[in-house]
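Only one structure is covered here, and it is reproduced in the block below.
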Amino acid sequence: MAKKFIDIMDTTFRDGFQSVFGARVLMDDFLPAVSAARMAGINHFEFGGGARFQSLYFYLNEDAFTMMDKFREAAGHNANLQTLARGINTVTLDTGSREIIDLHAKMFKKHSTTTIRNFDALNDVNNLRYSAKRIKKHDLKHEVVVTMMDLPPGCAGAHDVAFYEKTLREILDTGIPYDSVCFKDASGTSSPQKVYETIKMAKRLLPEGVHVRLHTHETAGVSVACYLAALEAGVDGIDLAAAPVSGGTSQPDILTLLHAVKGKDYDLGGLEIDKVLQYEEVLRDCLKDYFFPPEATQVLPLIPFSPMPGGALTANTQMMRDNNILNKFPEVIRAMREVVELGGYGTSVTPVSQFYFQQAFNNVMFGKWKKIADGYGRMVLGYFGKTPVKPNEDIIRIASEQLKLPITTEDPVDIADKDITKTVLYVRHQLEEAGIEATDENIFIVAACKEKGLAFLKGEAKVNVRKNNSINVVQEEKKISAAQSIKTSVGSYTVVVNGEKYDVQVIEGEGAAIDVSKITKVAANIGESSDYEAKEDTKSADDTIDSNALKIKAELPGSVSKIFVKEGDSVKEGQILFLLEAMKMETEISASKDGVIAKIFVSQGQAVESGGVLCAIQ
């Protein structure tokens with residue numbers, strides 16, 4: 001009797017990179033491994049979308065569309081190249097207009113995509129209708145998704161088999177076009193028994209021959225058991241990754257599942273152990289210089305109670321490293337439980353997982369519910385669609401008061417269509433003002449990445465990748481413009497100060513002043529505060545301010561994303577002076593009295609510490 005063929009999608013180059021490195025891997029570093037995977041017989045890859053779109057512009061100074069086309073060259077013409085889309089959010093954290101949702105499908109089809117896996121984090125089927133139609137309109141395969149997780153103990157009303165059946169029936173009754181169905185558990189918290197019963201339900205409900213997949217993560221330690229349960233229930237495909245970006249916060253390893261099904265009647269993609277071993281050897285060599293966050297390689301028993309997706313976990317810890325607050329991570333994860341319990345049970349997958357994390361972060365940094373995160377607040381108020389259950393009434397009231405927004409039941413895409421800043425015409429005007437050609441690609445880049453997309457297209461983007469020559473942060477500036485004439489070099493040294501080791505980078509070269517650019521304490525782990533960056537110490541500004549002046553200080557660590565005033569400007573109490581960006585949130589810093597801006601101590605893009613002085617008002 002022939003074994004059942006199980007399609008294997010290799011998630012290494014999208015979810016694997018996101019789950020381990022916060023999506024920060026340079027294309028020239030990993031493309032040789034794509035060729036090796038092809039040689040190993042892998043023909044189905046997750047290669048873009050999700051966080052592997054924005055992150056290329058935010059952290060890598062690379063173009064996602066260029067990466068996707070180069071990936072196609074390496075993977076071969078016949079490979080099924082799959083991306084991840086967030087329904088009406090496409091590849092962002094915010095709702096797109098119909099124009100932008102259509103442009104997403106059009107551009108991804110143009111740039112080598114075969115299949116788009118498309119989900120809504122709230123399991124609001126209405127949010128899948130338009131995006132599904134545009135995906136099919138542009139001749140792409142559409143893999144529709146039901147998102148899964150386990151609720152914290154004591155919670156009920158969603159995320160059981162009955163809830164998933166209701167969601168799947170709504171997808172079928174609504175007439176959403178699809179080519180396959182995926183049950184996606186980004187936090188890896190579903191129990192094996194629930195997975196078994198869910199796949200059984202889907203096989204019973206769907207027409208015969210419909211391809212059904214399961215996606216999960218090893219974060220909670222049960223992924224292999226869940227995949228075996230899914231196989232027993234009749235699943236047709238599963239997602240796996242290759243070492244060294246498998247296990248931990250990522251998907252289980254291809255070799256692990258090949259071993260787990262020994263003696264069973266399953267053929268995992270026709271893959272052979274020796275060929276996969278060769279592929280993983282090449283991948284290890286490609287990634288040998290990268291810093292592997294300790295948390296990315298661990299099973300975290302707390303995750304079933306505070307469901308944090310593997311793909312979001314390391315992205316957030318990497319940002320906390322950026323801002324020197326990694327020691328707050330355990331406290332934030334513990335705070336997530338209440339945020340999930342009161343927020344309406346949206347699935348903990350981007351963007352909702354980021355909303356949960358941002359609100360938990362705010363509860364830790366500012367006090368419980370003292371500062372409602374914009375995404376979380378708008379979610380509980382209905383601006384992203386209908387949550388599985390109604391959020392807590394007190395949280396709804398607090399969010400409405402703080403954000404000054406009413407509850408809404410309006411279609412989120414209709415709301416987005418009314419926002420002029422989400423129109424193609426508005427983005428085209430931005431590009432023209434900047435002297436940049438308004439191609440479809442450039443329009444989508446700016447629509448998805450805002451100011452950071454413009455910075456990339458202007459040649460002002462930076463590279464922020466962690467490699468072992470500086471343990472935590474290797475931040476290089478890589479200009480697109482070829483006009484750069486200064487030749488510099490970076491020397492890396494390890495020094496010992498009072499018994500502590502630090503990696504130091506010194507920039508020197510022709511036409512450049514010698515500068516200590518980075519100082520990084522060696523061997524940082526969660527719970528330690530470790531990153532140090534050579535930058536102006538804004539706290540020292542205290543010594544240069546008139547004693548009668550009001551010091552406006554940063555409320556939390558972050559970077560200055562916008563400055564709205566200049567020295568000498570008159571300002572009114574409550575006027576917004578700065579935007580600070582931290583944890584993918586922008587925090588407004590306002591004047592607390594009328595006066596005149598006597599001095600500004602920061603520049604746009606500068607990192608600041610909590611309590612750092614931004615400006616003085618007299």
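One-based numbering along the sequence shown.
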[X] side-chain N/O to [Y] backbone N/O, donor-acceptor pair under 3.5 Å:
X: Ser19; Y: Gly16; answer: no
X: Ser55; Y: Ala51; answer: yes
X: Thr439; Y: Asn442; answer: yes
X: Glu331; Y: Lys328; answer: no
X: Ser187; Y: Met149; answer: no
X: Asn464; Y: Leu60; answer: no
X: Arg52; Y: Val25; answer: yes
X: Arg86; Y: Thr92; answer: yes
X: Asp594; Y: Glu573; answer: yes
X: Ser306; Y: Ile333; answer: yes

Return each pair, listed once, that meets salt bridge (charged side-chain N to carboxylate O under 4.0 Å, His left out) where at least one residue sits in residues 359-370; pairs must be two or more places apart or across chains.
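Listed by first then second residue: Glu338-Lys368.
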Is any side-chain N of the basic residue among [X] and [Y] closer than 4.0 Å to the acidic one's carboxylate O?
X: Arg24; Y: Glu62; value: no
X: Arg378; Y: Asp374; value: yes
X: Lys450; Y: Asp94; value: no
X: Lys562; Y: Glu581; value: no
X: Glu341; Y: Arg337; value: yes
X: Lys467; Y: Asp29; value: yes
X: Arg428; Y: Glu433; value: no
X: Arg397; Y: Glu401; value: yes

Quick one, [X] and [Y] - any side-chain contact, counting heavy atoms below 4.5 Å?
X: Ile589; Y: Ile552; result: yes
X: Ser97; Y: Asp419; result: no
X: Ile395; Y: Trp369; result: yes
X: Leu454; Y: Ile436; result: yes
X: Thr95; Y: Ile415; result: no
X: Tyr376; Y: Val380; result: yes
X: Glu555; Y: Leu580; result: no
X: Ile617; Y: Leu577; result: yes

Start with the C-alpha gap between Leu381 and Ser400, add the side-chain angles, then the distance that decides, and say whether side-chain contact (heavy atoms from CB on, under 4.5 Å) holds.
CA-CA 7 Å; Leu381 293 173; Ser400 181; 3.9 Å; yes
Gap between atom [atom2] of [Y] and atom [atom1] of [X] - 0.5 Å precision:
X: Asn316; Y: Tyr356; atom1: CG; atom2: OH; answer: 14.5 Å
X: Glu99; Y: Phe444; atom1: CD; atom2: CZ; answer: 13.0 Å
X: Phe291; Y: Arg466; atom1: CZ; atom2: CZ; answer: 8.0 Å
X: Glu410; Y: Tyr383; atom1: CD; atom2: OH; answer: 8.5 Å
X: Ile443; Y: Leu103; atom1: CD1; atom2: CG; answer: 6.5 Å
X: Asn362; Y: Ile372; atom1: CG; atom2: CD1; answer: 8.0 Å

If you draw the axis of the six-membered ring of Tyr57, does the NZ or CZ of Lys452 fall within 45° of it and under 6.0 Å from the ring centre?
no
Can you confirm if the NZ or CZ of Lys599 lies within 45° of the ring axis of Phe601 and under 6.0 Å from the centre of its six-membered ring?
yes
Which atoms form the tightest heavy-atom contact between [X] and [Y], and what is the distance?
X: Ala591; Y: Val571; answer: CB-CG2, 4.2 Å
X: Pro412; Y: Gly385; answer: CG-N, 3.4 Å
X: Thr249; Y: Val20; answer: OG1-N, 4.2 Å
X: Val91; Y: Gly50; answer: CG1-N, 3.8 Å
X: Ile420; Y: Thr423; answer: O-OG1, 2.7 Å
X: Thr587; Y: Lys371; answer: CG2-CE, 3.7 Å

Between Asn127 and Val413, does a side-chain contact (heavy atoms from CB on, under 4.5 Å) hold up when you go through it step by step?
CA-CA 8 Å; Asn127 287 345; Val413 182; 5.5 Å; no
[X]/[Y] aromatic ring centres below 6.0 Å:
X: Tyr290; Y: Phe21; answer: yes
X: Phe355; Y: Phe384; answer: yes
X: Phe53; Y: Phe65; answer: yes

Looking only at the side chains, is there a donor atom on one of Asn363 and Gln359 sitting less than 3.5 Å from an acceptor on the other?
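The answer is yes; a qualifying pair exists.
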Quick check on Phe292: does its CZ atom have over 12 non-hydrogen neighbours (other residues, nucleotides or ligands) under 6.0 Å away?
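Yes, the 6.0 Å shell around CZ holds more than 12 heavy atoms from other groups.
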side-chain contact (heavy atoms from CB on, under 4.5 Å) evaluation trace for Ser561 with Phe578
CA-CA 8 Å; Ser561 60; Phe578 304 90; over 6 Å; no
Pair Glu451-Lys458, salt bridge (charged side-chain N to carboxylate O under 4.0 Å, His left out): steps then yes or no
CA-CA 10 Å; Glu451 289 85 0; Lys458 290 177 181 178; over 6 Å; no
Just do the side-chain contact (heavy atoms from CB on, under 4.5 Å) check on Cys449 and Phe456 with the steps written out, would you?
CA-CA 9 Å; Cys449 302; Phe456 168 81; over 6 Å; no
